[in-house]
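Keep in mind the model is a prediction, meaning the values are calculated, not measured.
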Amino acid sequence: MKEAVFEPQWYCDPHYAELERKNVFEKLWLAAGFTSAVKNNGDYFVLMIHGQRVLVHRLGKEIVAYVDACPHRGGVIATAEMGNTRPVCKYHGWAFRDGRGLTGVPMGSQFESDDAMRDRSCGRSLKPLAVHCVGPLIFVNLADNPLPFEEQFNDELIDVFGRMGETSTMIQLSFKGDFNWKLNAENVRDSLHPLFVHTESFSSVLPDVTDAYNQDRIVRLQQTEQQDYARYDPSVPALRDLSYIWRTYLDEGSYWYDSMVQRSLPHDCFLNMLLFPNTNLYSVGGRYYAMQQYLPTSATTFDYRLSIAMPQMLQRFDAQGLLTSIARSERYVIDEDSVILRRVQQNLTAMAQRRFRFTQGDYETPIMQFMRYMGGAVYQEPPTCQA
């Protein structure tokens, strides 16, 4: 066991949420969604990042992203969360043909009385954002000078992104989370919780996890006097080490549509791609992909976005009913986690700034790496000793 790496106030204090906004969400590459969400010219979806509306928009053959705020009065290009539209402000009709520079102003004389200036944009534009597409995935970066994609994600991950192939169709749903986003990001890195939280819904199809538990039963502890545990490495891990792949053997049998889709990832594997900071991307036997995004809205709330996508179809079929059924099942598992994580949030909020001894297990090394990065690189706090 280890002395805990985290501090409870990281999960409830607005000060830390603001540091996350500046040092994580406006600096790093963020998984935005699947390319199948924007298949046709004009298709778009909105991504909310700490209250900032980001529009991911297909214009012609290019996928672009920009802050959805018109330089005139802050109007928007899109009024719905996803759909199809031209890059024209819905407030006063200003047009941005490529999703960047201003290319048209209706009733131009009402905006500019000087004839010599009327056809000049004077640099007015939407704020463009960096986009990186690999395989069926779209990533965006809000920084003015984004770090190279390869500095955040390792070669193995990028290779798997590419091998996922294109996705054919998808479904997306969003709902509110009433606890800190990091609790979800850490929960999906916790390899033991399925045994206790998802005993009926999930762990039964992961025999490796069940076998490990059966072979390593409860250790009966003697009650002893308090003593310090070993401490986790205090150094800040490299950004590239925070995203990784976790493979677990999957025993789900076969499904009626297995031969109708291009299953380019392993068929007998639940393949988790834990993407720092806020995304859990996974392949279930290669038959469908799921993306869970945890988009913070405050220190103690976030928008939970769940996207389910089918691989490329080898034989066309109506997959909407199937995707809806899968989404319901995924939501059931998410709700099982949320029951516990709400209580964790309550406890951490109550314990903030108080002396309390938290502990972490050796198996939590990936979680402790996550926490040490947040503590050192994001909050810039030295490791502390908990009493």
Side-chain angles (χ1 to χ4, degrees), residues 1-25 27-31 50 152-154 177 179-194 197 228-246 272-280 292-296 298-302 337-338 340-387:
M1 290 188 283
K2 298 285 189 296
E3 296 287 352
V5 170
F6 64 91
E7 298 290 347
Q9 54 267 29
W10 293 357
Y11 300 83
C12 57
D13 190 330
H15 167 70
Y16 294 99
E18 177 62 13
L19 291 174
E20 291 166 6
R21 180 186 68 81
K22 293 191 298 184
N23 297 329
V24 175
F25 290 93
K27 180 178 178 181
L28 301 181
W29 288 100
L30 306 174
H50 265 281
Q152 185 169 337
F153 301 110
N154 62 47
F179 44 90
N180 186 280
W181 70 274
K182 293 190 297 297
L183 292 180
N184 251 322
E186 293 161 3
N187 181 67
V188 295
R189 289 166 167 78
D190 187 317
S191 60
L192 289 189
H193 86 274
V197 180
D228 287 341
Y229 300 130
R231 298 184 183 275
Y232 181 69
D233 183 357
S235 60
V236 177
L239 175 62
R240 215 165 178 250
D241 294 336
L242 299 177
S243 299
Y244 60 92
I245 296 173
W246 173 46
N272 254 90
M273 291 162 273
L274 289 308
L275 308 184
F276 187 83
N278 67 324
T279 300
N280 181 26
Q292 299 175 5
Q293 297 160 282
Y294 321 123
L295 302 164
S298 76
T300 56
T301 61
F302 68 100
D337 283 322
S338 297
I340 302 297
L341 297 180
R342 289 190 190 98
R343 303 301 183 265
V344 174
Q345 178 69 51
Q346 291 172 352
N347 284 336
L348 292 176
T349 301
M351 295 298 179
Q353 306 298 340
R354 298 183 184 181
R355 296 173 67 84
F356 190 85
R357 193 184 192 195
F358 288 101
T359 309
Q360 296 187 272
D362 292 337
Y363 82 96
E364 293 174 88
T365 296
I367 302 174
M368 289 188 279
Q369 283 188 305
F370 184 105
M371 292 172 170
R372 278 300 304 124
Y373 185 88
M374 297 301 293
V378 178
Y379 310 142
Q380 299 180 356
E381 293 185 351
T384 58
C385 299
Q386 296 196 15

Participant: Tell me the closest heavy-atom pair linking Met371 and Glu186, and the distance in Å.
Facilitator: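 Of all heavy-atom pairs spanning Met371 and Glu186, the closest is CE-OE1, 3.4 Å.
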Participant: Treating Ser243 as the side-chain partner and Phe276 as the backbone partner, does any N or O pair qualify as donor plus acceptor under 3.5 Å?
Facilitator: yes
Participant: Dump the intermediate steps for side chain to side chain contact (heavy atoms under 4.5 Å, CB included) on Leu183 and Gln345, then the final yes or no.
Facilitator: CA-CA 8 Å; Leu183 292 180; Gln345 178 69 51; 3.7 Å; yes
Participant: Going from CH2 on Trp29 to CG on Leu239, what distance comes out if it is rounded to the nearest 0.5 angstrom?
Facilitator: 12.5 Å
Participant: Less than 4.5 Å apart, side chain to side chain, heavy atoms only: is that true for Tyr16 and Val378?
Facilitator: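 Tyr16 does not reach Val378 side chain to side chain.
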Participant: Closer than 4.0 angstrom, basic N to acidic O: yes or no for Glu18 and Arg21?
Facilitator: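 A salt bridge is present here (some side-chain N lies under 4.0 Å from a carboxylate O).
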Participant: To the nearest 0.5 angstrom, please state how far the CG atom of Asn278 sits from the CZ atom of Phe302.
Facilitator: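 Here the interatomic distance stands at 10.5 Å.
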Participant: Parallel, tilted or perpendicular: which describes the rings of Tyr379 and Trp10, with under 30° parallel and over 60° perpendicular?
Facilitator: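 Ring orientation, 0 to 90° scale: tilted.
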Participant: Can you confirm whether Asp337 sits close enough to His193 that some side-chain heavy atom of one is under 4.5 Å from a side-chain heavy atom of the other?
Facilitator: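 Asp337 vs His193: side chains touch.
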Participant: With a 4.5 Å limit on heavy-atom distance, are the side chains of Asn187 and Tyr294 in contact?
Facilitator: no
Participant: Starting at CZ of Phe153, measure out to CG of Leu275 and round the result to the nearest 0.5 Å.
Facilitator: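 Nearest 0.5 Å value for the CZ-CG distance: 5.5 Å.
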Participant: Can you find a heavy atom in the side chain of Phe179 that is under 4.5 Å from one in the side chain of Ser338?
Facilitator: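 Heavy-atom side-chain distance check passes, below 4.5 Å.
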Participant: Counting C-beta onward and ignoring hydrogens, is there a side-chain heavy-atom pair between Phe25 and Pro296 closer than 4.5 Å?
Facilitator: yes
Participant: Asn272 and Ile245: side chain to side chain contact (heavy atoms under 4.5 Å, CB included), yes or no, with the steps?
Facilitator: CA-CA 6 Å; Asn272 254 90; Ile245 296 173; over 6 Å; no
Participant: Provide the closest heavy-atom pair for Thr279 versus Ala31 in the form atom of the first, atom of the second, distance.
Facilitator: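 Answer, listing the atom of Thr279 first, then Ala31: OG1-CB, 3.6 Å.
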Participant: So which heavy atom on Pro237 is nearest to which on Tyr373, and how close?
Facilitator: O-CD1, 3.5 Å
Participant: Can Lys182 be said to sit on top of Tyr11's aromatic six-ring, NZ or CZ under 6.0 Å from centre and within 45° of the ring axis?
Facilitator: yes
Participant: Looking at Ala299, is its backbone amide N or carbonyl O close enough to the side chain of Asn180 to form a donor-acceptor pair, meaning the two atoms are under 3.5 Å apart?
Facilitator: yes
Participant: Is the side chain of Gln360 donor-acceptor paired with the backbone N or O of Val5 at a distance under 3.5 Å, no angle test?
Facilitator: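 Side chain of Gln360 to backbone of Val5, a donor-acceptor pair under 3.5 Å: yes, one is there.
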Participant: Within this structure, what is the CG-CZ distance for the pair Leu242 and Phe370, rounded to the nearest 0.5 Å?
Facilitator: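 With rounding to 0.5 Å, CG (Leu242) is 8.0 Å from CZ (Phe370).
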Participant: Show me the donor-acceptor pairs within less than 3.5 Å that the side chains of residues 361-369 make with the rest of the protein, sequence neighbours left out.
Facilitator:
{"from": "Asp362", "atom 1": "OD1", "to": "Lys2", "atom 2": "NZ", "distance (Å)": "2.6"}
{"from": "Tyr363", "atom 1": "OH", "to": "Asp190", "atom 2": "OD1", "distance (Å)": "3.1"}
{"from": "Tyr363", "atom 1": "OH", "to": "Asp190", "atom 2": "OD2", "distance (Å)": "3.1"}
{"from": "Glu364", "atom 1": "OE2", "to": "Gly361", "atom 2": "N", "distance (Å)": "2.4"}
{"from": "Thr365", "atom 1": "OG1", "to": "Asp362", "atom 2": "O", "distance (Å)": "2.9"}

Participant: Quick one: pull up CD in Gln9 and NE2 in His15 and give me the separation to the nearest 0.5 Å.
Facilitator: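 Here the rounded value is 9.5 Å.
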Participant: Output the distance between atom CG (Asp233) and atom CZ (Arg372), rounded to the nearest 0.5 Å.
Facilitator: 8.0 Å
Participant: For Asp13, check side chain to side chain donor-acceptor pair (under 3.5 Å) against everything at least two apart and list the hits.
Facilitator: none
Participant: What class does the angle between the rings of Phe358 and Phe6 fall in, given that below 30° is parallel, 30 to 60° is tilted and above 60° is perpendicular?
Facilitator: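 Answer is tilted, since the angle falls between 30° and 60°.
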